[in-house]
K.L.:
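First, the structure itself, so that you have it in front of you.
Proteins get letters first, then strands, A, B, ... in listed order; numbering begins at 1 in each.
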Amino acid sequence: MAALPKRILKETERLMSDAPPGISAAPNNDNLRHFDVTVAGPDQSPYEGGVFKLELFLPDEYPMNPPKVRFLTRIYHPNIDKLGRICLDILKDKWSPALQIRTVLLSIQALLGAPNPDDPLANDVAQNWKEDEKAAIAQAKEWTRLYANGE
Amino acid sequence: MSSSHIHFPAVPPLESISDLPHEIYAAQQRQHQQRLNHWSSVMCPIPTCKRYSPIAADTILRSDVSVRSDDSNRSRSSGSPAETLASGVLYYPPPSALPAYTAEIPIRMEPNTLLLDITVDKILNLVKTELKTPFSEDAYDRSSHRSHAEYEDDSDDSEAEAGPSGSAAMHTSLSRDMSNLGQPSGTSSSHRNKRQRGALRPVGSPDEWPFRRDLQSVIECDVCAMMLFDPVTTPCQHSFCYKCLSRSLDHSNRCPVCRQDLPGFAFFQDHSVNRVLLAVIKTVFKDAYAERQLAIEREERDALLDTPIFVCTLAFPGMPTILHVFEPRYRLMIRRCIESSSPRFGMVLPSHGTGQPGTQGVMEYGTMLEIQSVQMLPDGRSMVETVGSYRFKLLEKGNLDGYTVGRIERIDDITPAEELALEQSSLASSSEDHTALGLATDAILDAGGPTTTPAFGLASSGGAIPMPPLTQSAIDDETRSTEEYMTICRSFIDQLRSGSAPWLLQRLNNTYGTMPTDPSEFSYWMALVMPIDEYEKAKLLPIRSPRLRLKLIVHWVESLRSSWW
């Protein structure tokens, strides 16, 4: 295996020493391209108070290709599906090598603060969200309480 | 971070998404047109740049003369920092940093205006701030001396002085750049003045000086997060390492930072480096830059220590293979190959199924391809003409920046003497003792193969498509000489030729060349033109005797003939 690129080392170092508020990311000991991530639900969102676990993997061609990120904690969100996959343009076609793990995680946190049912990944959730936003938000809060309690 | 001008709005704008698709499309079209117009009006005053325009140079020179005199006056009289510095690029007030994430980037440039070099601009801002910061008189006195001496003696580059010389160096390098543009020299005294005045603030070790640290983060490449190496500046005025930008262009035609469309790969291919930036970096971080250069060279060497492996098709020694390289990872591989003194890479077939442990996903045997020519297309794809040189066994494989690399072991044919002995012994003994022959065959198959089955030793080539098993008649073929095998093959080719349209023949001849006479080359040539499965053909690769390869080919010929009507 090729050595870990300097950029990944640098990013890891900075993530460990100076993590953005509400976000933590630590590399796996077995595979330094694999990160265990937690993201705190943003204030004034249905996910407030929740701590969400994610996994992040840097493919061989990172930073030319985007990292692969997935929610491990169950979450009720129109842009996140049952498998934890995330619908976020910067993880797909809008990826740029100038983006970083940090910016990706911040965008994911921002996505929690601004669910977008018009570009859904989880259709049923998006449907609920559009038809009865109040109920959907209540559901999201309930799931946050049930699953994202940091245990 | 140097990517500070990328920021994400806390709440993405939802309104824009509710737009109708055709409106979004129209907006994109408008934006694209806007960008095209925009690029067409961008001019560069640097004569080596492709967008060089004498008008641009003129404008700069004229405006710069006034700036410069103004500048030197001020630094002499009031000591206040210069508003505008001579740099070879005309500076307008920087546009407010635009979020990279906005759907539509407004372009507010007037036609025929010049863009800002964003990195240089940041450096200038740093210098301005630094000049404004109060500093201790003691420190100034002490280091003013030192710095002066250093200025006279360029070769002195000790760490202690690299720091304070930072911004000073910038002025000198910028002025040097100006003189490249035909600016009359003789302004250096005013620059020296300025340098003594403002640029010195030694507190603690050089690495800790905030100015130095800030500068370091400004000259970081946003792609590799390292100091810019061979900085190249895009038309949108963002700078990247030349290699980083090339890699990024393999994947996308947009600027990594602002996502504006970039001119294609060809535009940057012999694009000159940003000399202003390079001069700044080389002056302030001389040692670090040299170190970085060494590290990059080491990396490139290491990248070639392992053999790059192209997992794609079947190739044979002596035979041409022409490739259209379009995948980003292989573009990078080809670029690295052609930079080396012996441009070559290994070619293996992807494997059926899982393959051998350690070499999963690819076949175990492959052929080394020597690059004969590379024709780069403007967008970075390339047509690569290669010829096979030798076969190899893949011992171990790894991954480098997305493509496969491996440790290989060369496989050569047995010597002609051994070959002759084999032929004679098989001719002599075949009629009586088949077992002895099997043993003899074993001995000349690639010894590295895990198991070698009698006759052809095909077991090691992994996931093979079964051809009809070798029958008694195949073994009886042993009575034939190598020459007889070749005759059978030739007659088969004649049969194929007589049944094919002339254009097909023409094409075969053009692609594979004329029929070779050497048994070894002939065996590969035959394999290439045979209308059978690639994986079946791949069974030839581990066989180290031309005679045995021909024997296998004759076996194919016979089974093809028997199945034809």
K.L.:
What do you reckon, is CZ of A:Phe57 surrounded by more than 12 foreign heavy atoms closer than 6.0 Å?
P.N.:
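Counting neighbours around CZ of A:Phe57, more than 12 heavy atoms of other residues, nucleotides or ligands fall under 6.0 Å, so yes.
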K.L.:
Strictly distance-based, threshold 3.5 Å: is any side-chain N or O of B:Arg247 a donor or acceptor partner for the main-chain N or O of A:Met64?
P.N.:
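Checking the backbone N and O of A:Met64 against the side chain of B:Arg247, no donor-acceptor pair under 3.5 Å is found.
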K.L.:
Above 12 or not: heavy atoms from other molecules or residues under 6.0 Å from NZ of A:Lys92?
P.N.:
yes
K.L.:
Pick one of side chain, backbone, both or neither for B:Ser252, based on which atoms fall under 4.5 Å of a heavy atom in chain A.
P.N.:
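Contact with chain A: none, neither part.
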K.L.:
If you count every heavy atom of other residues, nucleotides or ligands that lies below 6.0 Å from B:Glu297 atom CD, does the total exceed 12?
P.N.:
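Counting other residues, nucleotides and ligands, CD of B:Glu297 exceeds 12 neighbours.
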K.L.:
Quick one: side-chain contact (heavy atoms from CB on, under 4.5 Å) partners of B:Met227, sequence neighbours excluded?
P.N.:
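side-chain contact (heavy atoms from CB on, under 4.5 Å) check on B:Met227 returns B:Ile219, B:Ile281, B:Phe285, B:Ala288, B:Tyr289, B:Arg292.
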K.L.:
If you measure from CZ on B:Arg329 to CD on A:Glu61, what distance do you get to the nearest 0.5 Å?
P.N.:
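Those atoms lie 7.0 Å apart.
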K.L.:
Evaluate whether atom CZ of B:Arg335 has more than 12 neighbouring non-hydrogen atoms of other residues, nucleotides or ligands under 6.0 angstrom away.
P.N.:
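Yes.
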K.L.:
Salt-bridged, A:Lys10 to B:Glu220, with N to O below 4.0 Å?
P.N.:
yes
K.L.:
Between B:Pro256 and A:Ala98, what is the shortest heavy-atom contact and its length?
P.N.:
O-CB, 3.4 Å
K.L.:
For the residue pair A:Leu99 and B:Arg259, what are the closest heavy atoms and their distance?
P.N.:
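Of all heavy-atom pairs spanning A:Leu99 and B:Arg259, the closest is CD1-NH2, 3.7 Å.
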K.L.:
Any idea which heavy atoms bring A:Ser96 and B:Val257 closest together, and the distance?
P.N.:
OG-N, 4.4 Å
K.L.:
I'd like to check the side chain to side chain donor-acceptor pair (under 3.5 Å) partners of B:Thr404; sequence neighbours left out, ordered by chain and number.
P.N.:
none
